[in-house]
Amino acid sequence: MAGLVSWRDGPTKSAIVDFVGRITTKGPDYVAPEARIAVFDNDGTLWVEKPALVQLDFLVRRLAEQSAADASLGRRQPYIAAASGDLAWFADAVTQHYDGDDSRLEILAEGIYSAYQGLTVEQHAEQVQAFFADATHPTLDRAYTSCGYTPMVELLRYLEAHGFTNYIASGGGRDFMRPVTAQMYGIPPERVIGSSVGLDFTGGQLVTTSRPEFVNDGPVKAVRIWGRTGRRPIFAAGNSNGDIEMLQFIAASPGVSMSMLVLHNDTEREFAYTEGAERALDLAAESGWVVASMRDEWVSVFPAPGA
């Protein structure tokens, strides 16, 4: 049976084991296997999100290409930042969003929505796969596909071994994550809930448009989890203010549930930051959510080389 060998003995590991023991043991807290649903944020929860989101690297490359091909684009954001490689501009847009300021995110979104307009869903998936085949993290010196958190992947396996069905519920792009979630996390594409643009059906193909469909963040995350699963999950893990409503949705379950935040406080092995997570951490303290310290509770952060 899958174990939690990359988790040190401590409050989070104990809480996980206790929670799973309670809901799998016949008694008042027992939950039938079909109702054992777990949801996980992706950026900063299952893989790295600093110094910028992985998907932003993918998008920045595309925006830079578009700027080079059309000089008029290069005179405005987000194309200026893309052409100069200013990842901080993009990272700040996301952080400001989590702090309640969407002024920069709206500018970024306009570029994101049109970046892959006109591609079939298969063509888009091929571009994502090509990106992951070559791209490496800018500071960690490892492939992005090796930037998943080993303890969290172990947690996925541990829950599966106890009858859970795991979903990803992320603010990241649904069609950006789907080509790699099975490889990295063992989660198939049909269990990936994410942000998306609209699709048109033409000539037997699904074609990407520039119309926003869902920004899977905040309250929308809880709504879409219900829409996709038809159940209130009993376990959720996130790391930012954008995960608050998802964690609240799970915490309000009439039965036993567990809401967990990953705390990025490891300057040696990853990054230390709370920007964009301040409200979530305050609510965790008030609501009794479990806070998993990366520094104190993870034996390792990433897979060993060659693993």
Side-chain angles (χ1 to χ4, degrees), residues 39-66 78-79 81-82 87 89-91 93-95 97-98 102 104-135 137 144-145 147-148 167-185 187-200 206-218 220-225 227-228 238-240 242-243 246 276:
V39 288
F40 290 77
D41 173 55
N42 188 41
D43 295 306
T45 301
L46 293 178
W47 71 13
V48 294
E49 65 177 359
K50 296 293 183 180
L53 301 177
V54 178
Q55 187 171 0
L56 281 180
D57 189 355
F58 175 67
L59 289 165
V60 164
R61 296 177 191 217
R62 174 62 175 166
L63 295 174
E65 289 176 0
Q66 291 177 305
Y79 302 95
L87 293 181
W89 187 93
F90 296 92
V94 175
T95 299
H97 163 68
Y98 287 140
D102 283 345
R104 188 175 293 190
L105 188 69
E106 290 172 359
I107 296 170
L108 173 58
E110 183 180 351
I112 289 174
Y113 291 142
S114 62
Y116 289 94
Q117 180 181 7
L119 296 182
T120 68
V121 290
E122 290 84 7
Q123 289 170 334
H124 183 268
E126 288 172 1
Q127 295 207 11
V128 173
Q129 290 164 341
F131 168 78
F132 278 108
D134 296 325
H137 190 277
Y144 279 129
T145 50
C147 287
Y167 287 78
I168 290 176
S170 175
R174 173 196 65 199
D175 294 329
F176 177 73
M177 295 182 286
R178 280 178 167 174
V180 294
T181 56
Q183 171 193 347
M184 293 185 66
Y185 312 130
I187 296 180
E190 63 269 22
R191 286 197 255 124
V192 176
I193 306 167
S195 299
S196 58
V197 296
L199 301 172
D200 283 341
L206 289 174
V207 178
T208 301
T209 72
S210 60
R211 301 189 308 270
E213 185 179 39
F214 295 106
V215 177
N216 195 56
D217 196 46
V220 175
K221 201 174 263 198
V223 171
R224 299 201 66 225
I225 287 169
R228 288 289 301 280
N239 79 299
S240 75
D243 299 315
M246 174 181 74

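Predicted model only: the values in this text are computed from it and were never measured. Just so you know, residue 1 is the first one in the sequence shown, and it goes up from there.
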So the side-chain hydrogen bond (donor to acceptor under 3.5 Å, both in side chains) pairs with at least one residue in residues 168-179 (sequence neighbours excluded) are none
If we only count heavy atoms from C-beta on, is the H137 to P51 side-chain gap below 4.5 Å? yes
Tell me the closest heavy-atom pair linking G111 and Y79, and the distance in Å. CA-OH, 3.8 Å
D41 versus M246, closest heavy-atom pair with distance: N-CE, 4.2 Å
Do R61's NZ or CZ and the ring of F131 fall within the cation-pi criteria of under 6.0 Å and 45°? no
Is T45 reaching over with its side chain to a backbone N or O of F40, donor-acceptor style, under 3.5 angstrom? no
Whether Q129 side chain and P179 backbone form a donor-acceptor pair below 3.5 Å: no
Stepwise side chain to side chain contact (heavy atoms under 4.5 Å, CB included) test for T145 and W47: CA-CA 9 Å; T145 50; W47 71 13; over 6 Å; no
Show your reasoning for whether side chain to side chain contact (heavy atoms under 4.5 Å, CB included) applies to L206 and D200. CA-CA 6 Å; L206 289 174; D200 283 341; over 6 Å; no
d(L59 CG, L53 CG) to nearest 0.5 Å is 9.5 Å
Q117 and T208: side-chain donor and acceptor closer than 3.5 Å? no
Does Q66 CD have over 12 foreign heavy atoms under 6.0 Å away? yes
Using ring pair (Phe, Tyr, Trp, His ring centres under 6.0 Å) as the criterion, list what pairs up with F176, not counting sequence neighbours. F58, F132
Do the side chain of S195 and the main chain of N216 share a donor and acceptor less than 3.5 angstrom apart? yes
Note, V207 side chain near L119 side chain (heavy atom, < 4.5 Å): no
For the CD1 atom of I187 and the CG atom of L46, what is their distance to the nearest 0.5 Å? 6.5 Å
Residues L199, T209; criterion side chain to side chain contact (heavy atoms under 4.5 Å, CB included); working and verdict: CA-CA 6 Å; L199 301 172; T209 72; 5.7 Å; no
So CZ of R224 and OG of S196: to nearest 0.5 Å the spacing works out to 5.0 Å
Distance to the ring centre below 6.0 angstrom and angle to the axis at most 45 degrees; does that hold for R228 and Y167? no
Note, F90 side chain near L63 side chain (heavy atom, < 4.5 Å): yes
Between the side chain of R191 and the main-chain N/O of I168, is any donor-acceptor distance below 3.5 Å? no
Ignoring hydrogens and geometry beyond distance, is a side-chain donor-acceptor pair present between D217 and H97 at under 3.5 Å? yes
Find out whether V220 and V215 are in side-chain contact, i.e. whether some heavy atom of one side chain is under 4.5 Å from a heavy atom of the other. no
Could you tell me whether the side chain of Q123 and the main chain of T120 form a donor-acceptor pair under 3.5 Å? yes
Between OH on residue Y144 and CG on residue D57, distance to nearest 0.5 Å: 3.5 Å
Taking C-beta and beyond as the side chain, do Y116 and V128 meet within less than 4.5 Å on heavy atoms? no
Would the distance check show the side chain of K221 and the main-chain N or O of D243 forming a donor-acceptor pair, the cut-off being under 3.5 Å? no
Roughly how far apart are E106 CD and R104 CZ, rounded to 0.5 Å? 12.5 Å
Looking only at heavy atoms, what is the nearest atom pair of L108 and P78, with distance? CD1-CB, 4.1 Å
Please tell me whether E49 and N42 have a donor and an acceptor in their side chains that are separated by less than 3.5 angstrom. no
